[in-house]
Protein chains: 2
Amino acid sequence: MDGRGTAGLLYLREEEIRLAMELLFYGYRDFTAGPDAILAELDMGRAHHRVLYFVGRHPGITVSELLGILRITKQSLGRVLQPLIAGGYVVQSRGRSDRRQRLLSLTPAGEALERRLFESQRALLARAFRDAGGPAVEGFRKVMLGLLGPEARARLGLRVAAAGAPVAGKVA
Amino acid sequence: MDGRGTAGLLYLREEEIRLAMELLFYGYRDFTAGPDAILAELDMGRAHHRVLYFVGRHPGITVSELLGILRITKQSLGRVLQPLIAGGYVVQSRGRSDRRQRLLSLTPAGEALERRLFESQRALLARAFRDAGGPAVEGFRKVMLGLLGPEARARLGLRVAAAGAPVAGKVA
DNA sequence: GGATTACGTCAGTATCGTTGACATATCAAC
DNA sequence: GTTGATATGTCAACGATACTGACGTAATCC
């Protein structure tokens, strides 16, 4: 390969990388716009949404586990968790095996709010999936999985693999 | 279709959607970790990175255009832009056709810093792309494009289409 | 010459993150 | 059963990033 050819390939490659960066920036920005609008009416923010989401996904999750997922300090969590509890969206219960733990779950009101936020994003994602098509969705998952650190990859890797073969017997 | 079958499909679909949501959450979190660490040493944050990135991408960009991309107020931009100018990373020049405009560009120091931040993310993205493979990358772009609002889609849509056919004559 | 536009800035506020320190309850172990 | 570690909560101070509202200046447009 000569100098010009190599430079050309590097240029294309950099453009591809920058395109992906911008897709992630704009995509994340626009993907969170729906919930943000709903939350603003309730005097809540994105941090509340994240708590609602992961508590909903993992009923009975401990505070420590939640802190690990969100990667924030317990002080930061406290500031959003306490209003969610006071507002009747989240309940705490003591761990039966370890009574030091406060296991978190959503109340019916919490589930309703989480679902409302979810549906707003679901509509957007479902349309994007439909427009892009099945193989594209699989590619999306593969690339996104590659961006994750080891901890998140361990958490989601199996699910990505399973989603890649949604029907028993389908070729992976 | 009977009730059970429909419920099953809806369940799978919701799991798929939630998986994508979590991939976006963890992916964005882990993708920004590299630059965040570099920026912290320079007493800067993600907001400074975004300015460096888009000014680098669009040399001579006006303040208004930058505000439109970032979707922030001029007051918020001012707080990060002024230190970048004072630190010698960004320069302003008056517009030749419209002297009210302040056209923004990176200095060599700004380009060097932007490149350093870029390379940290490039390494991660390039590995994810390589591991996922070309068709997956194309799918990734398609899905992400579908998440964008009209304004961002107009900005990136053509580039996504071009990236889907990187070599002249290749089938789209 | 008057309205609009592009930009800057001052003042105040909100959200979400941080560090550091300290308290309490519980568990685990010797 | 004291002792040390763990799980959680909380007080205080701080920092980054966003916001609104108001005002000022310079340049352009008509």
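Keep in mind that the numbers below use all heavy atoms, side chains included, and drop hydrogens, waters and symmetry copies. Letters go in sequence order (proteins before strands), and every chain restarts at 1.
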Out of C/dT26, C/dC16, C/dA21, minimum distance to the side chain of A/Lys74 belongs to C/dA21

The side chain of B/Arg50 is closest to which nucleotide in this list: C/dC7, D/dT17, D/dC19? D/dT17

Closer to the 5' end of DNA chain C via nearest nucleotide, is it A/Met44 or B/Leu77? B/Leu77

Please pick, from D/dA18, D/dC19, C/dA6, the nucleotide with the shortest atom-to-atom distance to any side-chain atom of B/Ala47. D/dA18

Grab the CG-P distance between B/Leu66 and C/dG8 for me, whole Å please. 11 Å

Verdict with reasoning, A/Glu119 to A/Arg122, per salt bridge (Lys or Arg N to Asp or Glu O under 4.0 Å): CA-CA 5 Å; A/Glu119 292 299 341; A/Arg122 171 200 206 129; 3.3 Å; yes

Is there, by distance only and without an angle test, a donor paired with an acceptor across the side chain of B/Gln75 and the base of C/dG12 below 3.5 Å? no

Gap between atoms NE2 and C1', on A/His49 and C/dC16 respectively (whole Å): 16 Å

Just the rounded figure in Å: distance from C1' of C/dG8 to CD of B/Gln82. 8 Å

Exam field: side chain A/Arg141 to backbone B/Ala20, donor-acceptor pair closer than 3.5 Å: no

Mind checking if A/Thr73 touches a base, just sugar-phosphate, or nothing, with heavy atoms under 4.0 Å? base

Looking across every strand, which nucleic acid part, if any, lies under 4.0 Å from A/Glu65 by heavy atom: base, sugar-phosphate, or nothing? nothing

Provide, to the nearest angstrom, the distance between the CZ atom belonging to B/Arg99 and the P atom belonging to C/dT4. 24 Å

What's A/Arg46 touching, base or sugar-phosphate or nothing? Going by heavy atoms closer than 4.0 Å. sugar-phosphate

Please check if the side chain of A/Thr62 supplies one atom and the backbone of A/Gln101 the other of a donor-acceptor pair under 3.5 Å. no

Base, sugar-phosphate, or nothing for A/Gly78, non-hydrogen atoms under 4.0 angstrom? nothing

Does the C/dT5 base have a donor-acceptor partner in the side chain of B/Arg100 within less than 3.5 Å? yes

If you compare every side-chain N and O of B/Arg94 against the phosphate oxygens of D/dA26 (OP1, OP2), does one of them come in below 4.0 Å? no

Looking at A/Gln92 and D/dG9, is any side-chain donor or acceptor paired with a base atom of the opposite kind under 3.5 Å? no

Between C/dT26 atom P and A/Arg96 atom CZ, what is the distance in whole Å? 16 Å

Please state how far atom CZ in B/Arg102 lies from atom P in D/dT28, giving the value in whole angstrom units. 11 Å

Are any side-chain N or O atoms of A/Gln121 and backbone N or O atoms of A/Gly34, one a donor and one an acceptor, separated by less than 3.5 Å? no

Write down the distance between CG (A/Leu81) and C1' (D/dT10), rounded to a whole number of angstrom. 13 Å

Among D/dT10, C/dC27, D/dC19, which nucleotide sits nearest the side chain of B/Ser76? D/dC19

B/Leu103 or A/Ser97, whichever maps to the more 5' nucleotide of DNA chain C: B/Leu103

So, B/Phe54 versus A/Phe25, ring centres under 6.0 angstrom or not? yes

Calculate the interatomic distance between A/Arg79 atom CZ and C/dT15 atom P; express it in whole Å. 9 Å

Using distance alone, with no hydrogens and no angle criterion, decide if A/Tyr53 and B/Glu22 have a side-chain donor and acceptor under 3.5 Å apart. yes

Does a side-chain N or O of B/His48 approach OP1 or OP2 of D/dA16 to a distance below 4.0 Å, or not? no

